[in-house]
Amino acid sequence: MSNQQATNGSTEDTPSDAIISVRKMSKRFDDFEALSNITLDVNRSEVLCLIGPSGSGKSTLLRCLNFLEAYDGGEVRLDGELIGWKDTISNPRRPLSNDKLRTQRQHIGMVFQHFHLWPHMSALDNVAEALVSVKGLSRSEGRDKAREALAKVHLSDKADNYPANLSGGQQQRVAIARAIAMEPRVMLFDEPTSALDPELVGEVLTVMKEMAAEGMTMVVVTHEMGFAAHVADRVAFLDSGRLVTCVPPAELFGQEPDDPRVRTFLQTYR
Ligand code: ADP
Ligand code: MG
């Protein structure tokens, strides 16, 4: 390790084999700086939990990773490929064509707090839809793949149900199956259990744990500190758009955190 790395702990100028690498990324909404100078790697098969107070920028960071929000400064790469922009240096920046962006987004699965299922389609067709319309599979191929994905979230017996006839936990598992079916390289979860009745949270977390055990790379914004403590490889803490720390959960939860912002936040969960 060079002296410089030893002192600042940063590897930001060295190449890495991270699946997602974020470098000095910033995001503004008009005059408001929502994200400042974020540098973060997500390694292959890693589960990274993102925690922090409401309004700290967690959703914005997640949305910048797949360019649902166009970040302003710095860069985000997936497997080394710049996301969203054509290059990092031109000013103004030139966005990628919609076709290229769509291709990039196929590699990144996203699961939201609200499930956004099509109400007029069965669970099976909700999962099959993008396989047919985006990936170009035939309807029957799409449904075969959708059945496999529904099996992974333990919903084989609900394939013919419409969303209205599924519990919130089951609907969220359909949404997860829909993302899995596209075979993404990484999955992003934005508070996937926050809209659920408490008794339905466990079934969704169980499916996510199983995905983690199978080696899926996952970035999970969550208020489920038990999940962060037991499933995450690292936990990142965001405050006022800044990455305060990103460490293994034992370091964050196992002892009194040094940073007062982290301490205050975690106290609300004790
Ligand atoms: P979190 O997910 O941590 O609760 P967000 O990423 O949703 O936080 O929001 C971070 C900050 O950015 C908040 O102050 C929020 O009001 C602001 N923000 C988010 N989206 C927009 C937007 N589209 N326009 C203006 N401000 C926004
Ligand atoms: Mg949010």
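Just so you know, ligand 1 is whichever comes first in the structure, and atom 1 is the first atom listed for that ligand.
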For [atom], what is the nearest protein heavy atom, given as residue, atom name and distance?
atom                    : value
atom 6 (O) of ligand 1  : Thr60 OG1, 2.5 Å
atom 1 (P) of ligand 1  : Gly55 N, 3.5 Å
atom 19 (C) of ligand 1 : Phe29 CE1, 3.5 Å

**Prompt:** Among side-chain atoms of His223 and Tyr269, is any donor-acceptor pair under 3.5 angstrom?
**Reply:** yes
| task | Mind running side-chain hydrogen bond (donor to acceptor under 3.5 Å, both in side chains) on Ser59 and Asp190 for me, showing each step along the way? | result | CA-CA 7 Å; Ser59 296; Asp190 195 353; 2.7 Å; yes
Could [X] and [Y] be called an ion pair, given the rule that one side-chain N must be under 4.0 Å from one carboxylate O?
X      : Y      : value
Asp239 : Lys58  : no
Lys135 : Glu141 : no
Arg234 : Asp41  : no
Asp87  : Arg93  : no

Considering residues, nucleotides and ligands other than Arg242, do more than 12 of their heavy atoms fall under 6.0 Å from its CZ? no
Atom 21 (C) of ligand 1 within contact range, any protein heavy atom under 4.0 Å: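 Protein heavy atoms within 4.0 Å of atom 21 (C) of ligand 1 - there is at least one.
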Does atom 8 (O) of ligand 1 have any protein heavy atom closer than 4.0 Å? yes
- Task: Answer yes or no: is there a side-chain heavy-atom contact under 4.5 Å between Ser26 and Leu35?
- Result: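 No, their side chains stay 4.5 Å or more apart.
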Mind checking whether Glu69 has an N or O less than 3.5 Å away from an N or O of ligand 1?
no
Item to check | N/O separation below 3.5 Å, Ala34 to ligand 1 | outcome: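 No, Ala34 has no N/O under 3.5 Å of an N/O on ligand 1.
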Note on the Mg ion (ligand 2): protein N/O/S atoms within less than 2.8 Å are Ser59 OG
Mind checking whether Trp85 and Tyr71 have parallel, tilted or perpendicular rings, split at 30° and 60°?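 Perpendicular.
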* **Min heavy-atom dist Pro53 to ligand 1 below 4.0 Å** =>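 Yes, Pro53 has heavy atoms under 4.0 Å from ligand 1.
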Compute the minimum heavy-atom distance from Ser54 to ligand 1 and say whether it is under 4.0 Å.
-> yes
Quick note on ligand 1: atoms under 4.0 Å from a heavy atom of Phe32 include exactly 11 (C), 12 (O), 14 (O), 17 (C)
Given the options Glu210, Gln170, Arg173, Glu203, His154 meets side-chain hydrogen bond (donor to acceptor under 3.5 Å, both in side chains) only with Glu210
Shared hydrophobic cluster for Ile51 and Val219 (ILVMFWY, side-chain gaps under 4.5 Å): no
